[in-house]
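Atoms considered below: every heavy atom in the structure, side chains included; atoms not considered: hydrogens, waters and symmetry mates. Index from 1, following the sequence.
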Amino acid sequence: MTEQRPICMIFEAGHGTCSWSGKEADGARVTFADGSVNNKFLSWTNLKKLLDFKQKAKEQPSD
C-alpha cells in the first residue's frame, strides 16, 4: 500500500466569490500542500477541476 499524504486542506465551506473564476458560487476556502493555492476560496466545480488536473499531471511520466 502506498503512503497517503494530504493534497488539499479545506478550512471552510460556504458561499463566496471563486478566486479562479470570479463568480459567486458554493465552494470552500482551501490550501494545497504544494503551495499552488494558499487560503483561497474555490467553487466546488473549480476545486474538482484543479484536483483532476493535478492528479493527471502527477500520473504523467517525466522526461
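- Applying the side chain to side chain donor-acceptor pair (under 3.5 Å) criterion to S36, with sequence neighbours excluded, gives D34, K54.
- Not a single salt bridge (Lys or Arg N to Asp or Glu O under 4.0 Å) links K23 to another residue, sequence neighbours left out.
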Show your working on side-chain contact (heavy atoms from CB on, under 4.5 Å) between S43 and D26 and close with a plain yes or no.
CA-CA 6 Å; S43 69; D26 289 331; over 6 Å; no
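- In this structure, M9 is not a member of the same hydrophobic cluster as L50, with clusters built from ILVMFWY side-chain heavy atoms closer than 4.5 Å.
- Here SG of C18 is found 5.0 Å from CG of L42. Values are rounded to the nearest 0.5 Å.
- Judged by distance alone, with hydrogens and angles left aside, the side-chain atoms of T31 form a donor-acceptor pair with the main-chain N or O of N39 at under 3.5 Å.
- I7 and V37 fall within the same hydrophobic cluster, where Ile, Leu, Val, Met, Phe, Trp and Tyr residues are linked whenever their side-chain heavy atoms come under 4.5 Å apart, directly or through other members.
- Using a 4.5 Å heavy-atom cutoff, the side chains of L47 and W20 are not in contact.
- Within a 6.0 Å radius of CZ in F11, other residues, nucleotides and ligands contribute more than 12 heavy atoms.
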Assess whether side-chain contact (heavy atoms from CB on, under 4.5 Å) is satisfied between N38 and F32, documenting all intermediate values.
CA-CA 6 Å; N38 188 15; F32 278 80; over 6 Å; no
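- Using a 4.0 Å cut-off between charged side-chain N and carboxylate O, D52 and K56 make no salt bridge.
- Scanning both residues, W44 and A28, for their nearest heavy atoms gives CH2-CB, 3.6 Å.
- In this structure, K40 and R29 have side chains that are not in contact, with every pair of non-hydrogen atoms separated by 4.5 Å or more.
- Between F41 atom CZ and E24 atom CD the span is 8.0 Å, to the nearest 0.5 Å.
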